[in-house]
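Chain letters run A, B, ... following the sequence lines, proteins first and then strands; every chain starts at 1. Below, each value reflects all heavy atoms present in this structure, side chains not excepted, and no hydrogens, waters or symmetry copies.
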Amino acid sequence: MAQPLFRAPVGTRDILAPESARRRRLVRVFADLAERSGFGLLESPVFEDVGVFQRLGEANDVVTKELFEFFDKGEPPRHLALRPELTAGVCRAFAEHRPVSPWKIWYSGPQFRYERPQAGRYRQFEQVGVETLGTDDPHADVEVISLGVRFYAALGLTRVRLLVNSLGDSDSRSAYDAALTGYLQSRRGELSEQSRVTLERNPLRVLDSKRPQDQPVIAEAPLMVDFLSGASAEHFASVRAGLDSLDAAYEISPRLVRGLDYYTRTTFEFVADALDTAQNAVGGGGRYDGLVEDLGGPPTPGIGFALGVDRILLACDAEGAFAGDPAPVQVFVVDTVGGQSAAVLCDWLRQAGLGADRAFDGRSMKAQMKRADRSGAVVAVIVGPDEQAQGTATVRDMRPGGDQHTVPTSELVAEVSRLIAAAQPRPAIPQHRRQDRD
RNA sequence: GUGGCCGUAGCUCAGUCGGUUAGAGCGCCGGGUUGUGGUCCCGGAGGUCGGGGGUUCGACUCCCCUCGGUCACCCCA
């Protein structure tokens with residue numbers, strides 16, 4: 001293969017049209033839902049002081065091994081990192097601006113983790129999410145979680161399961177930690193080598209192990225639910241009741257731990273059963289009641305989630321949901337008399353709000369017609385010597401068996417608008433799939 | 001960071017026990033007599049067979065290294 005000088009870095013990729021348009025539309029669906037629910041957009045930096053992320057947990061790979069870190073040219077240099085997730089930056093912003101509570105925000109954007117790529121996992125990946133800070137009302141939990149549920153449904157996904165659990169507050173958590181650690185220590189010999197290491201650093205996460213050897217031990221481990229304090233248990237019950245009242249289906253998943261260390265009380269995860277890969281979690285979140293304080297702000301409860309755009313799109317493909325956009329080009333102007341007419345007519349059509357395109361380089365009519373077809377345009381406008389002489393344009397219906405007629409250019413925009421309004425839009429055709437058409 | 005599999009045209013792939021000018025389909029470009037796409041027919045462009053080294057008279061084919069892709073572990077969206 002003739003090798004390009006450069007390619008996209010490991011774990012990153014270029015997303016070409018029309019797939020790029022589909023992603024953007026997905027974010028728009030999310031934004032619409034979030035904003036109609038009272039969440040405002042927060043645009044925060046793609047990089048932060050490395051300290052913002054180090055609060056996520058010293059025992060966490062996301063912080064210890066997977067950070068893209070760098071120093072800037074300040075004197076002294078500032079130690080910065082590309083964000084590996086978005087919640088920490090949101091909490092930093094809260095501590096910095098002290099907005100009125102509850103602060104409800106949504107976001108979208110790229111994040112970066114230095115990991116080995118695999119199915120559904122990239123070094124640069126995109127998430128959308130919401131966060132509600134400043135209230136620990138269980139109704140806030142319900143609002144956030146159900147927003148996720150409704151979003152997947154809005155995309156047309158049917159095989160996404162919601163798993164919920166409670167990790168308890170710090171008191172119940174430490175009681176549980178002690179019990180779990182004691183239990184795991186007692187069966188240490190049966191655990192995998194990896195899990196024994198994990199046990200030293202963060203016993204909770206042993207529950208996350210996928211290694212078959214660990215499963216019997218995990219299956220008999222004590223459950224968090226049995227250690228919840230009265231207040232935590234009550235909170236969890238309220239959240240469940242709230243979800244019930246919205247008919248939001250969920251499963252209690254007593255061993256759902258989640259990756260980041262800051263989670264307290266409510267945790268949840270969305271799993272796409274349509275994905276048969278190892279990375280089938282398409283979203284997750286929970287409460288992080290201590291995080292703002294950790295970052296120097298006032299004690300502030302918070303809850304939120306992040307949904308992985310890349311994986312959601314994979315799940316949509318697997319379910320045949322959230323189909324591609326219609327072609328943005330509705331009219332294609334074929335001009336065999338030098339291209340000036342194409343320039344003018346495209347301009348008129350575009351100013352009228354239509355999607356219009358044209359060919360360059362003075363290609364043959366046949367070649368231009370082919371372009372017109374490939375563009376997905378419903379209508380072709382043809383200007384040749386005859387039309388030019390008469391001040392007219394030929395309007396051709398590009399659908400199979402469509403007819404054509406000639407109109408004065410003064411009536412062109414109206415005529416094309418009429419035809420397009422009457423016609424079904426054609427789908428955008430990905431470059432690499434043109435051959436699949438019937 | 002660890003391991004499995006894979007790297008031949010833009011894409012998907014074929015290439016017989018190592019043996020002359022490396023093939024197909026699709027895509028792309030052009031043509032099929034008068035200005036018309038999607039079907040059909042004809043033609044064309046396009047490959048240092050990922051890169052480097054080695055074995056050999058000879059390597060796309062065998063060996064080593066390296067880079068990249070992919071999947072899994074780890075971890076996580």
Nucleotide nearest A:R311 when distance is taken to its side chain, options B:G27, B:U36, B:A77: B:A77
Check: A:E269 side chain, B:C76 base, donor-acceptor under 3.5 Å: no
Nearest-angstrom distance from the residue atom CZ of A:R123 to P of B:A77: 18 Å
Neighbour count above 12 (heavy atom, 6.0 Å) for A:F47 CZ: no
side-chain N/O A:R205 vs B:C76 OP1/OP2, d < 4.0 Å: yes
Donor-acceptor pair under 3.5 Å, A:Q368 side chain vs B:U36 base: no
Sugar-phosphate, base or nothing in reach of A:G129, heavy atoms under 4.0 Å: nothing
Nearest listed nucleotide, side chain of A:V10, among B:G69, B:A72, B:A77: B:G69
Sub-4.5 Å side-chain heavy-atom contact between A:D325 and A:R25: yes
Check: A:D373 side chain, B:G38 base, donor-acceptor under 3.5 Å: no
Polar pair under 3.5 Å, donor/acceptor by atom type, side chain A:R121, base B:C71: no
Separation of B:C29 C1' from A:K366 NZ (nearest whole Å): 12 Å
Any side-chain heavy-atom pair of A:R123 and A:R113 under 4.5 Å: no
Touch class at under 4.0 angstrom, heavy-atom based, for A:L307 against every strand present: nothing
Under 4.0 angstrom between A:R363 side-chain N/O and B:G30 OP1 or OP2: yes
Between A:E269 and A:S253, a side-chain donor and acceptor under 3.5 Å: no
Proximity to the side chain of A:R116 - top-ranked nucleotide from B:C76, B:G30, B:G1: B:G1
